[in-house]
Chemist: 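Attaching a single structure in structure tokens format; questions to follow.
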Amino acid sequence: MTDHVNSLAQRFWQAPSAEVFEQIQENSILDTETLRSVVLHYNAAMHLGIIEGAELALNQLASRFPQHPLRKLWPVEINLAQNDFDAAIEIFAALPDTHKADPNFLLKWINICIDAQHTQGLDIAAQHVDALPDGIKKFEAAASMAKIQQDLEGAADSYRKILDLKPDHSGAAIELSKLLAAKGDRAQARKILENSWNVAPGVPQVRGTLLSLVIQDAPEQLNQAALDDFITIAQNKPFAFGLALSWAQATDNSSYRDKMLLRLDTEWPERAAVERAEMALAQGNAKQALALTDQTPEDQTLHHKHFMVRAKALRALRERAGLEKMIEELSTAPTSPNRLIIAAAAANFADDMSASARLARAARIDAPDMLSAWKLESDAMIRNGEGHAVLKILDTVPDSITHSEVIIDCRFRAARAIGDFTTARQTLKALALEGTLKAKCSYVEFLCHMENVDEAQEFLTTLTPSSTHEMARVSYVKGCVSLARFDPDNAIAEFDQSIQADPNFAMAYSKRAVAHLFRFAPQHATDDLNKESHLKRAYGTRPWRARDGIQGQLINELLLAPQMTEAASLARQTEDAPETLLKLFAENDGNTMLAIGILIAMRQGNRLDAQAPEHPNQGSSKFIPPKIFQYWEGAPPTAGLKAAMDQVAGRNPWAEYHRFDGDSGRAYVRAHGSPEMARAFMLARHPAERADLLRLVVLGHEGGIWIDADDICREDLSGLLPRNSKLVLFQEWLGSTANNFIAAAPASPILQQVAEEATRDILSGASESLWLRTGPGALSRSVVRHMARSGHARLPEGIHILAASEILKRLATNCPFPYKQTQLNWQATG
């Protein structure tokens, strides 16, 4: 009978289902002697939320084992599962003092209260924990209480006391190692586990936790024999095989991966299909991964991994109907927090942010401490333009997780999404100062985004990696800082180190591709984009080709002019790089990347404006009229978008504000542009293309300031305009001149030239991206053409190109409003 119970337990916990539960319940009723069958019956019922089944198990326990302590505890747990806290407290209060002073019983009560987020019960427990004599159980209870109070140092101290009393206490060693790893002290975490394994080598959980850390940090320190040995001793075979496959992927060991897959077929056949599917997805073969999930046995189709692999494969293949079917299956009763959270992820993959937020919300209501539910709900709402609402919802986070990195990151992203960079920065900095190395690296990335490069460089000195995984992340952010300084040589050196430490770090390839572009090395950039694309497919993101998008088209321009590209690569390293590159540009008119290279060389040579005027009264240009223009076309703007546009007017009362729509924009171009421009406006294939052309006509005719609709104004903009300015632009991350903010005097020859080129490209049906034909690419070329006519790599008087940091002090750019998830986003055009 014991073997049968163990078999049922293994089947259930690998893939909890109502079908297996029915077998467990039937066995429990028939087995009148074995306590384990009743306990499994109760635990399975509670896991599935079947209260009637749990009560039946309780009755069996009371009739067969009336003196067992669980008879006193299960009623409490059932009441808490039904949110009947008063009844639970009443039962606990009525228990004899011997129960309340029993460390085992008290520890169970604490864990129940933690699961139920029952703070009153925890307060009661704390009083009894303090009264316990020093001992392992007291310190276990104290550690649990400390963790729920987010006192991680207190929890770690309790686990250390347990290990002092009992060095072979594997549970304390595992928990202490997790706390140390979360704090970033991964080397010490590994040392704790190694000591525990040496003292008690027969505990597979210790070995598995240690191997997991090593695979993440330094997979080269392991070999096949170590993984094979662990599979032999492991009680949790799925976890063991998962570690072996993770190591094979981390070390790119295809032969060992194939060996493990063959062993799966014989030793764990019910899970072989989904494991093969995950490997196929990791190799970029989403179609094969989807087919393999179809082969998964029915009793395994409720497994978390099955759904996630299938959802990622469907997303990669853009099978929206398949995702919608999965969402319906998962969100139909009987539901559970785990099923709801997978449904929410699937809705996210299907770009249905409303459904994703709704499902994640249902999951976190059922399980208030489920971090993934809070994260998914926040992500979906932010993408829906509900950043303000996210901040309010996060105020209701349970005390047990309010200081979690996940929750703090949600606050940061919500604040950033609504343009509140001050709150975003304070939130992330507070986490970085006391959090993990990952949090510190995230703060450096944010500083780079804000162009606070000096502060980012200074913060780098606080980063001390203790593993290869952390080394990869630190090298990556160092590369980001160098890239923000437009220093591609040092950036590439850092990204090389990052990729050497973690060959699967997709973002390092993406950033290194940009650095290679800055060095005029198109083939290297292509290779990196291809590698990034391959890695992203493994995560189920939309497949794309390296030649798609802005970077791909800049690569194409360079590959079409190999002699010029080689000359530019050499010229950028010379002292007179701006002049040499400008001469090349004059000989190869129209090459966008060459224009960008000149602007980067000028920034490095301090030939572009570093700062806006220091004092507000130095603003308000003599030549640029006090007018602000914006454009919105199509359906009425959402409340958040309209509020952002109204804020532009509200924070700049010195300026006359006007917002165009499709009809008024068309009428304006017809009245003040050339007939060709009016025709081009009518033929433009996207609202963003019409906005690009309209801004050139408006500013060319009457001057003023243009601000894109997705920018949130944070401060008065007049301080950006030097008194002598006739054209004010800013340099974005790619080195080009952005066009979401343009301040210009009427009849600017640079803008007139862009307008004529954009008109010509629209009428000719040019296939390059909007960014290149009517946006920042075209504007960058025109600025450099203007200098090429004079033969000097210096901006003419009255023209200013500010650093991005100056704009970002006043304007939050490219904010994630909901329309960006639709075809209204210009990036949807490629």
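Scope of the values below: all heavy atoms of this structure, side chains included, with no hydrogens, waters or symmetry mates.
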Chemist: List the steps and the verdict of ring-ring contact (aromatic ring centres under 6.0 Å, His included) for His658 and Phe660.
Modeler: CA-CA 7 Å; His658 187 79; Phe660 291 96; 4.5 Å; yes

Chemist: Does this structure show an ion pair linking Asp489 with Arg572, if we count only N-O contacts that are shorter than 4.0 Å?
Modeler: yes

Chemist: Between Phe412 and Phe446, does a ring-ring contact (aromatic ring centres under 6.0 Å, His included) hold up when you go through it step by step?
Modeler: CA-CA 10 Å; Phe412 157 71; Phe446 177 65; 5.1 Å; yes

Chemist: Closest heavy-atom contact between Arg519 and Ser569?
Modeler: O-OG, 3.4 Å

Chemist: Please report the C-alpha distance between Gln753 and Ser782 in whole Å, then the side-chain angles of each, then the deciding distance to 0.1 Å, and finally whether the side-chain hydrogen bond (donor to acceptor under 3.5 Å, both in side chains) criterion is met.
Modeler: CA-CA 7 Å; Gln753 184 181 68; Ser782 185; 2.7 Å; yes

Chemist: With a 4.0 Å cut-off, would you call Arg781 and Glu757 a salt bridge?
Modeler: yes

Chemist: Looking at Glu715 and Lys809, is there a salt bridge between them, counting it only when a charged N and a carboxylate O are closer than 4.0 Å?
Modeler: no

Chemist: Between Asp351 and Arg320, does at least one N-O distance fall below 4.0 Å, as a salt bridge requires?
Modeler: no

Chemist: In terms of the angle between their ring planes, are His449 and Phe421 parallel, tilted or perpendicular, with boundaries placed at 30° and 60°?
Modeler: perpendicular

Chemist: Answer yes or no: is there an ion pair linking Asp663 with Arg666, defined by an N-O contact shorter than 4.0 Å?
Modeler: yes

Chemist: The test is side-chain hydrogen bond (donor to acceptor under 3.5 Å, both in side chains); show your working for His672 and His701 and say whether it passes.
Modeler: CA-CA 7 Å; His672 302 292; His701 176 67; 3.2 Å; yes

Chemist: Decide yes or no on salt bridge (Lys or Arg N to Asp or Glu O under 4.0 Å) for Lys642 and Asp646, but give the supporting numbers first.
Modeler: CA-CA 6 Å; Lys642 185 178 184 302; Asp646 291 344; 2.9 Å; yes

Chemist: Answer with yes or no whether the side chains of Gln523 and Asp527 bring together a donor and an acceptor at under 3.5 Å.
Modeler: yes

Chemist: Got a salt bridge between Asp716 and Arg651, using NZ or NE/NH1/NH2 to carboxylate O under 4.0 Å?
Modeler: no

Chemist: Do Asn814 and Asn740 pair up side chain to side chain, a donor and an acceptor below 3.5 Å, judged on atom types alone?
Modeler: no

Chemist: Answer yes or no: is there an ion pair linking Arg714 with Asp420, defined by an N-O contact shorter than 4.0 Å?
Modeler: no

Chemist: Taking Glu689 first and then Arg773, would you say they form a salt bridge - that is, a charged N and a carboxylate O separated by under 4.0 Å?
Modeler: yes

Chemist: Between Asp454 and Arg485, does at least one N-O distance fall below 4.0 Å, as a salt bridge requires?
Modeler: yes

Chemist: Apply side-chain hydrogen bond (donor to acceptor under 3.5 Å, both in side chains) to the pair Ser354 and Asn384, showing each step before the final yes or no.
Modeler: CA-CA 7 Å; Ser354 296; Asn384 253 353; 3.3 Å; yes

Chemist: If we ignore angles and hydrogens, is there a donor and acceptor under 3.5 Å between the side chains of Asn530 and Ser533?
Modeler: no

Chemist: With a 4.0 Å cut-off on N to O distance, would you call Arg695 and Asp708 a salt bridge?
Modeler: yes

